[in-house]
J.: 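Dropping a structure here in structure tokens format, bear with me for questions.
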Protein chains: 2
Amino acid sequence: MSKVKLKDIADKAGVSLMTVSRVMNNEPKVGAKTRQRIEALAKELNYSPNVAARQLSSSKSYFIGIVCEHVNANYVSKFLVGALKQCRTNGYHIVIDETAGEIGKALSIVKELIHETKVDGMILLPPLTDIPEVLALLKEVNIPFVRIAPDIDLLASAYVCMDDYQAAYDITEHLVKSGHKRIAHIIGNENQGVSRLRYQGYLDALRSHRLLSPPEYIEQGDFTYKSGLVAAEKLLSLTELPDAIFASNDEMAAAAMSVAHKNRLDIPEQISVVGFDDTELASTVWPRISTIRQPLKDMAILAIKLLTEPENSLTNNPSVVKRHILPYQVCLRESSK
Amino acid sequence: MSKVKLKDIADKAGVSLMTVSRVMNNEPKVGAKTRQRIEALAKELNYSPNVAARQLSSSKSYFIGIVCEHVNANYVSKFLVGALKQCRTNGYHIVIDETAGEIGKALSIVKELIHETKVDGMILLPPLTDIPEVLALLKEVNIPFVRIAPDIDLLASAYVCMDDYQAAYDITEHLVKSGHKRIAHIIGNENQGVSRLRYQGYLDALRSHRLLSPPEYIEQGDFTYKSGLVAAEKLLSLTELPDAIFASNDEMAAAAMSVAHKNRLDIPEQISVVGFDDTELASTVWPRISTIRQPLKDMAILAIKLLTEPENSLTNNPSVVKRHILPYQVCLRESSK
DNA sequence: CTGAAAGCGCTTACAG
DNA sequence: CTGAAAGCGCTTACAG
């Protein structure tokens with residue numbers, strides 16, 4: 001059971017190995033019938049290209065660079081796993097680098113990935129998706145790149161995201177439909193676009209059910225647990241207590257639950273709490289937090305496909321779809337009723 | 001600035017490319033002087049081998065397999081980042097696979113990595129380090145492998161770990177030295193060796209300071225937040241409250257803090273809480289948890305080196321050191337005084 | 001201890 | 001639209 005190679009297919013098809021190579025790389029100049037025959041044969045023989053040979057003979061590196069702020073961030077590692085998987089099937093490899101907090105490092109990291117590692121494509125993870133200098137550089141050197149959940153200049157690249165607005169709307173509506181009337185919200189970091197989208201989804205869901213969102217039920221947080229603590233202390237010391245809190249992420253939701261427990265409020269009987277992101281934390285604490293699951297793995301898989309599959313070629317094809325909105329999942333658990 | 005290759009070094013050194021290749025691969029049969037000259041030259045020219053060429057011409061795959069239970073587990077992703085980094089410098093690639101809870105899948109995953117992916121080496125992450133069938137298979141096919149923090153049959157492979165016993169001793173002693181006299185412990189999952197080691201470290205630290213550890217101060221947990229909740233409820237309803245709790249991991253420590261807060265106990269003024277692992281959770285909650293940081297990244301780097309650097313050759317060299325104990329770090333934060 | 005030859009499986013560039 | 005030739009940078013196997 002040795003590996004099948006181009007030559008094997010060529011022999012069976014009665015053509016030269018070059019023709020097979022062209023079919024495999026989706027190059028245009030092959031007769032339609034020949035193409036079909038070869039494609040069928042390749043599938044039948046379960047052909048997969050030898051990455052090393054390909055890399056050695058071509059000018060491509062078969063490396064995809066991923067740039068992020070912290071490699072240990074939860075969403076980054078989830079993304080990484082999906083990316084690693086898809087790369088394995090497409091014969092690519094991942095190089096990942098982090099700015100480690102210094103957002104200024106982003107530009108030099110991107111430069112290094114381009115010039116040293118010579119990546120064939122790049123993925124920008126939030127919040128590094130919106131640095132004008134980086135976008136300008138990438139466009140200048142004409143390296144295909146995909147951004148995950150970008151905020152600005154959406155047409156600058158292909159991008160993959162989910163509908164934060166609608167998800168926030170949905171989870172708020174879940175609270176409304178299960179009978180909550182006084183729903184508070186803790187807004188996320190004010191510099192990130194998603195905070196705004198989630199806040200807007202919350203507001204619109206309330207409005208379309210003719211519920212009020214009085215200003216004292218809106219607190220500004222910044223996505224940290226501590227900011228959630230501060231916000232929840234305020235919300236839970238109001239004369240008229242909210243009967244539900246929608247926090248813009250799970251960490252702030254966990255903090256809100258902790259304050260509620262301290263105040264001897266039963267969750268979810270006296271107050272429901274919901275979060276966003278479905279991080280580990282959401283199912284670590286007790287009760288487990290109802291939240292929104294981002295399709296991070298699928299986002300990663302799609303991003304790699306966009307970068308590595310010739311039919312998606314980002315460079316030459318102006319007709320290619322740039323915007324990819326992936327479905328999310330509402331995870332209802334014990335923190336809300 | 002094009003890449004230097006074997007031929008370039010060979011020309012400068014006045015030898016054949018073969019000799020250079022031998023030096024690079026640490027093969028024995030090269031004259032000492034020639035070897036030195038070539039090594040110096042290689043360093044000077046900043047030579048690094050072309051992975052693709054190497055892979056294509058050799059029978060090696062230059063893939064290292066990592067087997068774990070959940071790729072999303074926090075410690076796995078931290079490990080992964082270190083491994084990825086070291087692989088990049090050594091010209092190897094990572095393939096990672098998970099049993100996703102079904103421990104029975106471990107054997108088939110390992111088989112696939114051996115026969116399909118043809119990995120050159122393998123890393124077993126806990127708790128998959130101690131499956132007799134897997135160990136037997138790996139030994140039979142003679143594939144080098146490294147285990148991280150194994151529990152049983154320590155001589156079966158090289159392994160990398162930290163000193164859980166001593167770390168537990170240290171953090172308990174920290175509590176003692178800062179004046180705590182009634183220190184409780186929540187034991188981890190009883191099936192994992194580390195729970196025992198940490199428990200033992202706790203006991204010995206108390207004993208050597210002539211402090212008591214009465215049975216009602218010892219609770220059995222299982223590393224989950226929920227088990228921490230249950231254990232802490234019991235500890236904090238005792239007539240004589242403990243003035244400190246050492247939980248065998250951060251999740252249980254976070255749970256203990258939550259119960260303490262509910263009971264209106266100030267942390268750390270009325271009770272200190274410490275954990276183990278330094279997961280994200282430890283610095284997410286407030287106050288942040290004092291804990292032990294495992295050197296996961298260094299463990300990964302070392303494991304990859306053991307597997308990929310010829311001087312560590314695990315297969316042929318019986319004199320190679322099998323046991324590698326890496327230093328940990330005690331992280332003191334706001335949850336203890 | 002050292003080297004000349006062949007080949008790994010592809011792609012690039014050229015020829016028809 | 002199709003193919004024959006050369007070569008990517010290494011290693012393996014053989015010869016001395």
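So you know, we letter chains A, B, ... as the sequences are listed, proteins then strands, and number each from 1. Source: prediction; values computed, not measured.
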J.: What is the ring orientation for A/H93 with B/H93, classed by angle as parallel under 30°, tilted 30 to 60°, or perpendicular over 60°?
T.: parallel
J.: Check whether any side-chain heavy atom of B/Y328 lies under 4.5 Å from a side-chain heavy atom of B/M162, and answer yes or no.
T.: yes
J.: Tabulate below the donor-acceptor pairs under 3.5 Å that side-chain atoms of residues 33-47 of chain B make, not counting sequence neighbours, or state none.
T.:
| from | atom 1 | to | atom 2 | distance (Å) |
| --- | --- | --- | --- | --- |
| B/R35 | NH2 | B/E27 | O | 2.5 |
| B/R37 | NH1 | B/A13 | O | 2.6 |

J.: Are any of the side-chain heavy atoms of A/L306 and A/V160 separated by less than 4.5 Å?
T.: yes
J.: Side chain to side chain contact (heavy atoms under 4.5 Å, CB included) between A/R88 and B/D97: does it pass, once the steps are laid out?
T.: CA-CA 12 Å; A/R88 175 151 52 136; B/D97 233 327; 3.7 Å; yes
J.: Would you say the side chain of B/N90 lies within less than 4.5 Å of the side chain of B/L307, judging by non-hydrogen atoms?
T.: no
J.: Given D/dG3, is OP1 or OP2 found less than 4.0 Å from the side-chain N or O atoms of A/T19?
T.: yes
J.: Do B/V146 and B/Y159 have side chains that approach each other closer than 4.5 Å (heavy atoms only, starting at C-beta)?
T.: no
J.: Counting a pair only when it is Watson-Crick or G-U and both distances are under 3.5 Å, which runs of at least 3 such pairs involve DNA chain D?
T.: C:1-3 with D:14-16, C:5-12 with D:5-12, C:14-16 with D:1-3
J.: Can you see whether B/K3 engages B/S48 through a side-chain donor-acceptor pair at a distance of less than 3.5 angstrom?
T.: yes
J.: Using a cut-off of strictly less than 4.0 Å between a heavy atom of the residue and any atom of DNA chain C, enumerate the qualifying residues of residues 29-36 of chain B by number.
T.: B/K29, B/V30, B/G31, B/T34
J.: Could you tabulate the donor-acceptor pairs under 3.5 Å formed by side-chain atoms of residues 123-137 of chain B, not counting sequence neighbours?
T.:
| from | atom 1 | to | atom 2 | distance (Å) |
| --- | --- | --- | --- | --- |
| B/D130 | OD1 | B/D151 | N | 2.8 |
| B/D130 | OD1 | B/I152 | N | 3.1 |
| B/D130 | OD2 | B/D151 | N | 3.3 |

J.: Go through the structure and list residues passing ring-ring contact (aromatic ring centres under 6.0 Å, His included) with A/Y75, not counting sequence neighbours.
T.: none
J.: If a protein heavy atom is under 4.0 Å from the base, mark B; if only from the sugar-phosphate, S; if neither, -; do that for nucleotides 7-16 of chain C going 5' to 3'.
T.: BBBBBB----
